[in-house]
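Shown next, in structure tokens, is the structure this report addresses.
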Amino acid sequence: MTQTIVLAVGGPQDAGIRDIAALSARAAYALMCLTVCWGVLTATGWARRLGERKTLRNGHMVLATLTIAFGLVHAMSFLFLKDGAFDLAQLVIPVLPGGLLRYSIAIVGLELMIAIALTAGLYRWTSYKRWLWLHRLAYLAFPLLVMHSLLGAIANGHLALLWMAGLTLLIPAMTLAILRFVPTKVLVQVGLVEEEV
Amino acid sequence: MAASERPTAGQALQTRKEAVLRRVFVLLAILLVTGASGAGLAVAQQPELHPTDKELLVRVRLAGLWEMPAGDKAQEKSNNARVKEVGRILMADHAKLDEEVRKLAAQLNVPLPDEPNDDQKGWLAEMDAAPAGPAFDRVWAQRLRAAHGVIFPFIGHVRAGTRDPTIRAFAQAAVTVVMKHMTVLESTGRVDHQALPTAPTSTSAASPQLVAASADLSGGGGVDLLVAIALAPLEVAIVMFVLWMMRARGGRLAAKKKAAAEDPAGRLFAEMR
């Protein structure tokens, strides 16, 4: 269906670019949800049966790197459209006159994720608490990018796909992210964590 | 228990592995059951297509059946480069649109015609009868532009009012293509706008049903929303179940201490709470 839509706006070249943009967006969305899941499972120790802590943490970092890479491919692909191409400023500056909300929140979300990735190794040179606050910005970037995906799906007429595939990936990530902030005592009570003996 | 009956470390490890495997099998079974029930729910709730949704597929198919031969005629009978180019655009777009509509109709069980209707056959005959050159160009551009002008509002109404997400996406694509075709046909300079039907004088052109439906927001997104609502708690339950299976003796506090001892950098994650 995407092919047919773009027939009218830019020909076969734009059709290919928009397909790449759509594919990379879906890959980035799926990887972002997996990154959140894996990060929470690693941080809380729920996944320690699956491997050593270092391995788990590296898995989280690989997923996060792939998320950002696919997110960048998605954003940059709009530079190469024949009709209605974005310029670099439109991809980098979140609030520009005439800009849409769904683009603004995506730019903020992606830039936050890049900042988190670039500063991931800074904990050796800064106080742990400062680093932690920076890393926790991921919990802000995540809903912003989910909202961008939802609005993008509505705008492109793919809402049905998002309801099914998008929510299937989103719900585990959201559940884990919420559980991350539930006090340990409560988790023990519901049987998700065993009391120390 | 006598010392000789106590399980060895190897046996204990084996028992633990078996227990983990059992849990994995149980989880897979649950995933299969919930997945199947979700799919069943989606299939069971597939609503009947509205007649206008079906009509959209039929009319787009009919458009392809006469516009593709019309595009071909432009290659044979026109001397104008732009007319020929527009003819090629029409053929290429309708080839793809036709492929899409046949796929969609097969999926939704909508029967499609195999040949143009009588009006369209008449327009093609008119093009055949017109002498090659500017006279042909005028007949060709005028007939095609008029036909696009008729189908354009119809597709727009379906796009605005349909309850089916697949039809909505298709109508959106089709309305964009029709708009493009009207524009490129007019770019040939052979369209006489005075001879085209005038636009309706008020918004009453929209059917009362569609207007009434536009005010009824409660039914929007029906099937997908229901499926999503049905699946969301299941997914939450599955996540909780997986976590419950993954819990280990010692809880998170022990895990944090152990991890911090093994891997100083890891304490950052363990202490994030």
Side-chain angles (χ1 to χ4, degrees), chain A residues 1-9 11-12 37 39 41-50 52-54 56-57 60 123-124 128 131-132 135-136 156-164 166-168 170-176 179-181 183-184 187-188 190-197, chain B residues 20 38 42 89 92-93 96-97 99-100 104 165-166 168-181 183 221 223-225 227-228 231-236 238-240 242-244 246-256 258-259 262-263 265-273:
Chain A
M1 195 65 65
T2 315
Q3 274 185 338
T4 321
I5 291 173
V6 297
L7 276 172
V9 281
C37 291
L41 290 175
T42 304
T44 55
W46 267 315
R48 64 181 177 274
R49 277 189 176 186
L50 302 176
E52 283 181 24
R53 185 168 198 87
K54 230 176 202 172
L56 297 175
R57 206 178 63 244
H60 172 68
Y123 58 80
R124 292 177 195 279
Y128 168 68
W131 178 88
L132 187 56
H135 203 83
R136 277 177 175 163
N156 290 305
H158 294 141
L159 188 59
L161 181 75
L162 190 112
W163 276 111
M164 298 307 293
L167 280 180
T168 304
L170 176 65
I171 289 167
M174 254 176 56
T175 310
L176 285 169
L179 287 176
R180 180 86 174 74
F181 295 97
T184 311
L187 295 177
V188 171
V190 296
L192 291 178
V193 171
E194 283 192 9
E195 206 165 1
E196 195 173 13
V197 286
Chain B
V20 170
I89 293 172
D93 287 359
K96 291 189 178 177
L97 205 54
E99 191 186 327
E100 200 75 55
L104 199 55
T166 325
R168 192 177 305 124
F170 179 73
Q172 179 153 332
V175 84
T176 320
V177 171
V178 174
M179 171 67 95
K180 175 192 178 187
H181 287 180
T183 311
V223 175
D224 296 322
L225 185 60
V227 174
L231 287 182
L234 275 176
E235 267 201 84
V236 173
I238 290 169
V239 171
M240 303 286 269
V242 172
L243 291 179
W244 177 75
M246 289 169 99
R247 69 182 180 170
R249 286 187 76 79
R252 283 195 290 177
L253 285 172
K256 283 178 191 170
K258 191 180 165 194
E262 284 173 357
D263 169 21
R267 76 185 189 281
L268 295 167
F269 284 89
E271 290 169 2
M272 275 176 75
R273 283 183 53 82

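Because the structure is predicted, anything quoted here is derived from the model rather than measured. Every chain is numbered from 1, with letters handed out A, B, ... down the list of sequences. The figures that follow rest on heavy atoms only: side chains count, while hydrogens, waters and symmetry mates do not.
Residue A:L56 does not touch chain B at all, counting heavy-atom pairs closer than 4.5 Å.
Using a 4.5 Å cut-off on side-chain heavy atoms (C-beta onward), B:V236 and A:I171 make contact.
Contact detail for B:M240 and A:T175: the closest heavy-atom pair is SD-CG2, 4.4 Å.
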